[in-house]
Engineer: 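Pasting a structure here, questions to come.
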There are 2 protein chains.
Amino acid sequence: MKLSTAEENYLKAIFKISEKAKKSASTNAIAKHLSTSAASVTDMLKRLAEKELINYEKYKGVTLKTEGIKQATQLIRKHRLWEVFLVKKLRFSWDQVHEIAEQLEHIESKELIMRLDAFLDYPKFDPHGDPIPNADGKFTIRSQTPLSDMHKGQEGKLVGVKDHQTEFLKYLNSLNVKLGTIITVIDSVPYDGSMNVILDGKNEIMITAAVAQNLLIRKG
Amino acid sequence: MKLSTAEENYLKAIFKISEKAKKSASTNAIAKHLSTSAASVTDMLKRLAEKELINYEKYKGVTLKTEGIKQATQLIRKHRLWEVFLVKKLRFSWDQVHEIAEQLEHIESKELIMRLDAFLDYPKFDPHGDPIPNADGKFTIRSQTPLSDMHKGQEGKLVGVKDHQTEFLKYLNSLNVKLGTIITVIDSVPYDGSMNVILDGKNEIMITAAVAQNLLIRKG
DNA sequence: ATATATTTTTAGGGTTATCTAAATATTAAT
DNA sequence: ATTAATATTTAGATAACCCTAAAAATATAT
């Protein structure tokens with residue numbers, strides 16, 4: 001089924017919201033996610049339900065039907081593959097790629113994505129450490145812990161970030177924190193949750209709780 | 001100024017039509033080029049005129065204003081750069097790239113195009129031999145002659161094709177005729193304009209006038 | 001359990017980009 | 001120079017997305 005950019009964006013929003021909340025997506029949540037009005041969301045939900053892409057009952061929130069999940073997953077696949085392309089091949093920095101990938105993900109061509117995937121050597125994770133679903137929609141699972149949950153003496157590699165905002169990523173750049181950085185917890189302050197950590201066994205820096213919650217670590 | 005995909009397609013159509021015809025584009029010509037109705041064209045022309053992108057007087061045809069030319073040229077630049085990417089990096093064949101590039105050309109990011117251009121090593125021509133305008137909109141000019149205008153004994157390199165249709169390009173594939181092929185005219189038949197030519201000094205083949213008119217040769 | 005607050009839907013509009021059919025202007029032909 | 005043919009524009013609709021304001025449904029708080 002061929003969808004419009006708007007329809008695709010709604011499916012992706014519903015997917016992300018219900019994934020995070022582990023329940024159906026509310027009209028308001030979708031409206032906020034897409035920076036639009038609740039009335040516009042209701043409007044679109046009716047059309048998506050008509051096309052059998054979502055389960056929608058008035059006032060009850062929405063979930064994706066099988067075809068909706070498939071479409072949303074493929075969009076995420078395309079978005080993340082393009083992000084890898086932008087960073088690995090065009091040398092963009094990880095804080096510059098979201099908006100462009102947001103456009104590129106709507107390009108329609110199965111062949112293009114197959115070839116792009118091969119060209120990039122079948123990456124499993126994007127530049128923010130998010131898993132790239134394969135052509136069948138399967139995500140690679142990886143054990144990871146927010147830095148904020150780690151204890152004094154523990155060590156691990158930074159494998160992902162939760163917050164993708166430019167502001168946050170630029171701040172990490174300024175701290176010289178990037179995917180692959182080895183982080184060792186020196187101590188954590190119970191009072192405010194801030195932590196002192198060592199990066200790659202070299203520089204010691206202080207990280208606030210807000211930041212630590214958004215850094216995903218593979219322990220060991 | 002930010003334009004819609006539809007507006008961009010109209011500007012590109014007007015550019016191509018008036019370039020080929022060397023005069024203003026008619027409503028019907030635009031309608032045919034975009035496979036739409038004349039009424040829709042009139043409608044859009046009013047809006048483009050309102051935005052100062054074209055010169056439009058009822059019943060008189062249209063020409064592009066400076067800003068319209070600039071936008072059309074940048075679209076052509078983007079389209080052709082993406083085609084180079086698809087063929088050179090993703091190994092698509094020259095007959096498969098038009099539709100995909102047609103979508104990619106609407107992606108909006110100056111930075112993306114700058115980096116793509118660098119990544120591709122600043123190509124001057126696309127996979128069909130069409131010149132790629134530079135960031136300032138300047139096209140590289142190259143002397144070229146349709147094969148149909150060449151005479152017995154003359155030789156040259158295939159540098160471009162006029163017809164971009166999949167059918168035509170696939171036919172050339174089957175003849176093993178590609179950009180860079182050296183073509184030597186053995187003789188031409190005045191009766192129907194067909195020609196016997198040698199490819200790369202090896203195989204002799206016969207080419208009809210219809211095909212010869214669409215092959216662009218750099219003599220010598 | 002009832003009042004209040006919040007969420008969601010409906011009603012009524014607006015814009016963009018299409019369409020077909022009808023009217024009008026231009027061009028070509030005799 | 002009329003008439004016929006062709007090209008173009010106008011008129012009137014439709015569909016997709018979006019909006020604000022008002023109404024209705026649901027959730028919450030005392």
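In what follows, chains are A, B, ... by sequence order, proteins preceding strands, each numbered from 1. Note: hydrogens, waters and symmetry copies are ignored here, and every other heavy atom, side chains too, is used.
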Engineer: If you take any heavy atom closer than 4.0 Å to DNA chain D, which residues from residues 16-40 of chain B end up in contact?
Structural biologist: S26(B), T27(B), N28(B), A38(B), A39(B)

Engineer: Compute whether any side-chain donor of one residue and acceptor of the other, for S26(A) and N28(A), lie under 3.5 angstrom apart.
Structural biologist: no

Engineer: Determine the interplanar angle of the W94(A) and H128(A) rings, folded into 0 to 90°, and report it as parallel if under 30°, tilted if 30 to 60°, perpendicular if over 60°.
Structural biologist: parallel

Engineer: Distance check needed: dA15(D) P versus E7(A) CD, whole Å only.
Structural biologist: 15 Å

Engineer: Could you check how far CG of D43(B) sits from P of dT18(C), rounded to whole Å?
Structural biologist: 9 Å

Engineer: Could you state the atom-to-atom distance from CD of E57(A) to C1' of dT8(C) in whole Å?
Structural biologist: 14 Å

Engineer: Compile the donor-acceptor pairs under 3.5 Å between side chains in residues 11-20 of chain A and protein atoms, sequence neighbours left out, one pair per line.
Structural biologist:
from   : atom 1 : to      : atom 2 : distance (Å)
K12(A) : NZ     : E102(A) : OE2    : 2.9
K12(A) : NZ     : E105(A) : OE1    : 3.2
K12(A) : NZ     : E105(A) : OE2    : 2.8
S18(A) : OG     : I14(A)  : O      : 2.5

Engineer: Quickly work out the L11(B) CG to dA17(C) P distance and round it to whole Å.
Structural biologist: 11 Å

Engineer: Within this structure, what is the CH2-CG distance for the pair W82(A) and L116(A), rounded to the nearest 0.5 Å?
Structural biologist: 5.0 Å

Engineer: On the six-membered ring of F85(A), is K89(B) placed so that its NZ or CZ lies under 6.0 angstrom from the centre and within 45° of the ring axis?
Structural biologist: no

Engineer: Please report the distance, rounded to the nearest Å, between CG in L45(B) and C1' in dT18(C).
Structural biologist: 14 Å

Engineer: Expressed in angstrom and rounded to an integer, what is the separation of M44(B) atom CE from dT9(D) atom P?
Structural biologist: 15 Å

Engineer: Given dA16(D), is OP1 or OP2 found less than 4.0 Å from the side-chain N or O atoms of R47(A)?
Structural biologist: no

Engineer: Can a donor-acceptor pair be found between the side chains of Q103(A) and E99(A) at a distance below 3.5 Å?
Structural biologist: no

Engineer: It should be established whether K58(A) places a side-chain nitrogen or oxygen under 4.0 Å from OP1 or OP2 of nucleotide dT26(D).
Structural biologist: no

Engineer: Rounded to whole angstroms, how far apart are OH on Y59(B) and P on dA25(C)?
Structural biologist: 6 Å

Engineer: Hey, is NZ on K70(B) packed in by over 12 heavy atoms from elsewhere, all under 6.0 Å?
Structural biologist: no

Engineer: Report yes if a side-chain nitrogen or oxygen of Y10(A) is closer than 4.0 Å to either non-bridging phosphate oxygen (OP1 or OP2) of dA16(D); otherwise report no.
Structural biologist: no

Engineer: Quick one: is K46(A) getting a side-chain N or O under 4.0 Å of the dT9(C) phosphate, OP1 or OP2?
Structural biologist: no

Engineer: Establish, with yes or no, whether the OP1 or OP2 oxygen of dT9(D) is under 4.0 angstrom from a side-chain nitrogen or oxygen of Y56(B).
Structural biologist: yes

Engineer: Specify the residue among K60(A) and K51(A) whose closest nucleotide of DNA chain D lies further upstream toward the 5′ end.
Structural biologist: K51(A)

